[in-house]
Engineer: 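The structure's right below; bear with me while I get my questions together.
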Amino acid sequence: MAQDIINLISQRPESSRRPGALRILQITDCHLHANTEWKLAGINTQISFDWVMSLAEQQKAQTDLLLLTGDLVHDASPIGYRRLRQRVQEFGVRACCLPGNHDKPETLNAHMRGGLVDVPKQVKLGNWLIILLDSTQPHSEGGHLSERELRTLDKLLSDNPDRHALIALHHHPIPINSAWMDEMALDNPRPFLSLLERHDNVKGVIWGHIHQTFETDHHGIRMLGTPSTCIQFIENQDTFGISTAPPGFRWLELQPDGRIDTGVERIAALPPGLDLKTAGY
């Protein structure tokens, strides 16, 4: 297995970051399971996650924070969360988590705390503020930000006007040109976006959920979606479809002046077994 990982990750020298910058690695939509042999669309999600983490370790020396943005354990099992926390702890960098629609927030909160791993509402790094939101709602694949979450967001931004802010959640707050996924987006985006527009210190929003790369701007705010550590969905397609693109993660370099440099790193290929005939998700 170790040799397989070495063969499939991209071997390249670490890029140097700018002086004073902060580096975050976003890991999302792992879909781990209590059963380490479990597969999603033919792919063993534990193996693909391990390979992505091996690739991420090439940047560990420069990384200030791991940010895990939901759908971490597909069956929301305690054993799955405990195994994930152990692996993230072994990475050796502070890690923060938020839930996705396949997680159970209360179970995630119970088992993803300890050591370097936490489930906070905010993280302060340098002159940056990272805010983590819970966009899940019971028995729904779509997202919603409660009045409580919106009030918390407003207060944290108001209390930290001199810090550049990056907002993280699971569900996408703007359409991504994929009708079937956009039906499972945040169902109350307008209050969220209006709130962000009132705070000049908001520089970016990042999310998971969509299993693909997405980048745009909204009123000068970077809007960023990130590939899964397992299967990917076909971009710009209105019906469900699985892509052959390999898994990966997003890196973000937060500059002291509020700029965000970012990119996506992927392993060279998926583990074997991808079933492109899978009809749904």
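It should be emphasised that the depicted structure is a prediction, and the values quoted were computed from it without experimental measurement.
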Engineer: Got a sec, which residues hit side-chain contact (heavy atoms from CB on, under 4.5 Å) with Leu157, two or more places apart in sequence or on another chain?
Structural biologist: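 Counting only residues at least two positions away or on another chain, Leu157 forms a side-chain contact (heavy atoms from CB on, under 4.5 Å) with Ile131, Leu153, Ala165, Ile167, Leu195, Leu196, His199, Asn201, Val202.
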
Engineer: For Glu106, give me all partners under side-chain contact (heavy atoms from CB on, under 4.5 Å), at least two apart in sequence or on another chain.
Structural biologist: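 Checked Glu106 against side-chain contact (heavy atoms from CB on, under 4.5 Å); matches are Lys104.
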
Engineer: To the nearest 0.5 Å, what is the distance between CZ on Arg163 and CD on Gln122?
Structural biologist: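 Rounded to the nearest 0.5 Å, the CZ-CD separation comes out at 8.5 Å.
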
Engineer: Nearest 0.5 Å please: distance from the NE2 atom of His164 over to the CG atom of Leu166.
Structural biologist: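 Those atoms lie 12.0 Å apart.
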
Engineer: Using the side-chain contact (heavy atoms from CB on, under 4.5 Å) criterion, which residues pair with Thr226? Sequence neighbours excluded.
Structural biologist: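 Listed in chain order: Gln26, Thr28, Arg250.
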
Engineer: Is the distance between the ring centroids of His102 and His74 under 6.0 Å?
Structural biologist: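 Yes, the ring of His102 comes within the 6.0 Å limit of the ring of His74, centre to centre.
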
Engineer: Kindly write out the residues that satisfy side-chain contact (heavy atoms from CB on, under 4.5 Å) with Asn236, not counting sequence neighbours, or none if the list is empty.
Structural biologist: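 Residues passing side-chain contact (heavy atoms from CB on, under 4.5 Å) with Asn236: Asn177.
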
Engineer: Please, which pairs that meet salt bridge (charged side-chain N to carboxylate O under 4.0 Å, His left out) have at least one residue in residues 116-138, sequence neighbours excluded?
Structural biologist: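 As it turns out, the salt bridge (charged side-chain N to carboxylate O under 4.0 Å, His left out) pairs with a partner in residues 116-138, which skip direct neighbours, are Arg113-Asp118, Lys121-Glu149.
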
Engineer: Do Trp51 and Val264 share a hydrophobic cluster, counting only Ile, Leu, Val, Met, Phe, Trp and Tyr and linking them when any side-chain heavy atoms are less than 4.5 Å apart?
Structural biologist: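 No: no chain of side-chain contacts under 4.5 Å links Trp51 to Val264.
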
Engineer: Please list all pairs meeting salt bridge (charged side-chain N to carboxylate O under 4.0 Å, His left out) that have one or both residues in residues 77-103, counting only residues at least two apart or in different chains.
Structural biologist: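 Residue pairs passing salt bridge (charged side-chain N to carboxylate O under 4.0 Å, His left out), neighbours aside: Glu57-Arg87.
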
Engineer: Can you confirm if the aromatic rings of Trp207 and His170 lie within a centre distance of less than 6.0 Å?
Structural biologist: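 Not close enough - the centres of the two rings lie 6.0 Å or further apart.
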
Engineer: Looking at Lys277 and Asp275, is there a salt bridge between them, counting it only when a charged N and a carboxylate O are closer than 4.0 Å?
Structural biologist: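 Salt bridge flag = no for Lys277 with Asp275.
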
